[in-house]
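First up is the structure itself, then whatever we jot down about it.
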Amino acid sequence: MKFTLPAALLDSLEGLDGFDREPFCRIHEHPEPATSIRLNPLKPFDVFREYGKLEPIPWSRSGYYLPERPSFIFDPLWHAGAYYAQEASGMFLEQCVQQSIDLSASLRALDLCAAPGGKSTLLQSLLSEDSLLVSNEVIKSRAPILEENMSRWGGVNNLVAHNDPRDLGKMTNYFDLILVDAPCSGSGLFRKDPAAVREWSPDAVQLCCGRQRRILSDIYPALKKGGLLIYSTCSYSIAENEDIADWLCDSFSLLPVRIDMRASWNITETKSRKYEAFGYRFFPDKLKGEGFYIACFKKEDGGRPERLTHKKHKWSGLPAKEEAIVRPWLREGLSVNLYVLDGEIFAFPAALEQDLVAVSANLYLKKAGVRIGKIAQGELVPNHELALSALLNKKNVVIPLKKEQALQYLRKETVTIDTEHRGWAIVQYEGVNLGWIKVLGARINNYYPKEWRILKEEKK
Ligand code: SAM
């Protein structure tokens, strides 16, 4: 679809470092956005055998461009969480985090505007096992997709929350790292969604700026002294980017952080007008990625000390008898605690128990750690999340599936498998877990979650 970019947007960018009107307009004329994926280090598979020779994304350790956009919905590895289909520019978050904070430390990280989960899954892969990641989404209808994607990714040190930034702001001085990937006017994604051009207006930009400031003011108290604030948008507007950086430096005790880059990456470093705060801009006429802005700040002053409500939390420990049933399903030597809530068992890192108490007392959580399952008639009925996690004991029976069988399984159809095994088994595709089946003689029960099943028919 050919379209005309809003003149008011183009005029507002005149003079901005990295903005060249003519090539910028040209690259929008016949949009062919690159497709990229980021691999899940918890779920290795032979990516080159599967997709052929791929071009690495230069600023990411596990990101690759695909030669064309496949139908991810018909790829079992996508359903298994072996990779995330993420826009390449956003993967620069990896550089920002790696260069600005000690990732070997035990950190408390918050992704405030997290749905659908692109940057949260990236943070999950970067943080150490002793760190906590809270992935939050305030919009009710978007929280389920975040929960689903975090479940697919399989990390255990993750809490999925559904709260207003104001509620999180009450957790004063709690987080070492806060990412605000803010809701914005979205001009950076015009090539992916040309229809969005019609919705763009200078008024919409102003509305977004107001919301961005509100979100940032609300969350600022939750950042620890010395903590890292990362702000990003997929807008080109200076008002939503460099001007917000200036406003942050004006309003709070924040110092801009500079990020090193290779010249060959063609990312543009900008400086805000008043404080010369560094920002990193991605222009699609200069690199293989969509429009994106990201800036990092360190908090100088601690403000008030950490203050949290420690109400009695709702989780209870698992009784010893049930613990004995569940533990053999898990890898030996894991330092996770098992808890029960409404009859459902879940695992969470033992070292983070106090964080679980504090966060659950202050926030509404959609999910904590990994759901393990329920006990019924003295046996564990395993949850799908357990199959997708790194907690599962390798001694569980595994049945490899071919692609057609894997797609049958993911459609929640009857899968025909020739096996002597009876009982619970994991089905895999290319060595990556897809989920549970239960073999009952001639019948095989498919335990793939109904709400996740593939409904679309593949065009042959
Ligand atoms: N970080 C996500 C990722 O990488 O997949 C994308 C986030 S998107 C740019 C911005 C998110 O902010 C959306 O999920 C949106 O629902 C959420 N949002 C909208 N209004 C908000 C508000 N007032 N406070 C916090 N988040 C909000």
Side-chain angles (χ1 to χ4, degrees), residues 36-38 40 57 60 62-63 72 78 81 83-94 96-97 109-126 133-153 155 158 160-171 175 177-190 192-193 196 199-200 204-222 229-237 240-241 244 282 289-295 363-364 366:
S36 46
I37 59 169
R38 185 172 38 74
N40 186 344
I57 296 173
S60 160
S62 44
F72 289 117
W78 178 82
Y83 65 85
Y84 192 98
Q86 186 177 28
E87 205 287 300
S89 306
M91 294 187 206
F92 188 70
L93 171 65
E94 175 175 332
C96 296
V97 174
L110 167 66
D111 182 1
L112 183 65
C113 313
K119 300 196 182 58
S120 255
T121 51
L122 172 54
L123 286 173
Q124 175 87 68
S125 302
L126 295 172
L133 171 63
V134 179
S135 308
N136 181 69
E137 172 56 47
V138 68
I139 305 289
K140 195 170 181 197
S141 59
R142 289 173 61 85
I145 187 66
L146 173 65
E147 188 181 356
E148 187 175 322
N149 281 330
M150 295 316 287
S151 298
R152 282 206 174 98
W153 209 245
N158 177 232
V160 177
H162 166 47
N163 290 261
D164 190 277
R166 231 174 304 131
D167 303 325
L168 284 129
K170 290 182 190 142
M171 303 182 68
F175 292 102
L177 162 62
I178 297 180
L179 167 66
V180 179
D181 187 31
C184 68
S185 61
S187 46
L189 298 182
F190 278 170
K192 285 190 145 189
D193 180 13
E199 280 152 41
W200 188 94
V205 170
Q206 282 317 309
L207 208 75
C208 288
C209 292
R211 191 186 299 139
Q212 286 148 1
R213 289 177 191 202
R214 254 194 330 276
I215 294 173
L216 289 161
S217 315
D218 284 344
I219 202 58
Y220 177 76
L229 172 69
I230 304 182
Y231 173 76
S232 59
T233 73
C234 55
S235 160
Y236 292 112
S237 294
E240 294 178 80
N241 298 327
I244 291 280
F282 293 69
E290 299 312 301
F292 184 59
Y293 170 87
I294 192 162
L363 301 181
Y364 172 69
K366 298 279 291 177

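Keep in mind that this is a model prediction, so the values were computed, not measured. What's counted below: heavy atoms across the whole structure, side chains too, no hydrogens, waters or symmetry copies. Both ligands and their constituent atoms are indexed starting at 1 by order of listing.
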Quiz prompt | Contacts of R38 that satisfy salt bridge (Lys or Arg N to Asp or Glu O under 4.0 Å) - sequence neighbours left out | solution =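 Result, salt bridge (Lys or Arg N to Asp or Glu O under 4.0 Å) vs R38: none returned.
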Exercise. Anything with a heavy atom under 4.0 Å from ligand 1 counts, so go ahead and list those protein residues by chain and number.
Key: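 For ligand 1, the contacting residues are C113, A114, A115, P116, G117, G118, K119, E137, V138, I139, R142, P165, D181, A182, P183, R211, I215.
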Side-chain ([X]) to main-chain ([Y]) donor-acceptor, under 3.5 angstrom:
X	Y	value
E137	R142	no
S60	I57	no
E87	E290	yes

Practice problem: Using ring-ring contact (aromatic ring centres under 6.0 Å, His included) as the criterion, list what pairs up with F292, not counting sequence neighbours. | Solution: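 Partners of F292 by the ring-ring contact (aromatic ring centres under 6.0 Å, His included) criterion, ordered by chain and then number, come out as F282.
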Exercise. Tell me, please, which residues at least two apart from S185 pass side chain to side chain donor-acceptor pair (under 3.5 Å).
Key: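 With neighbours one apart ignored, the set is S235, E240.
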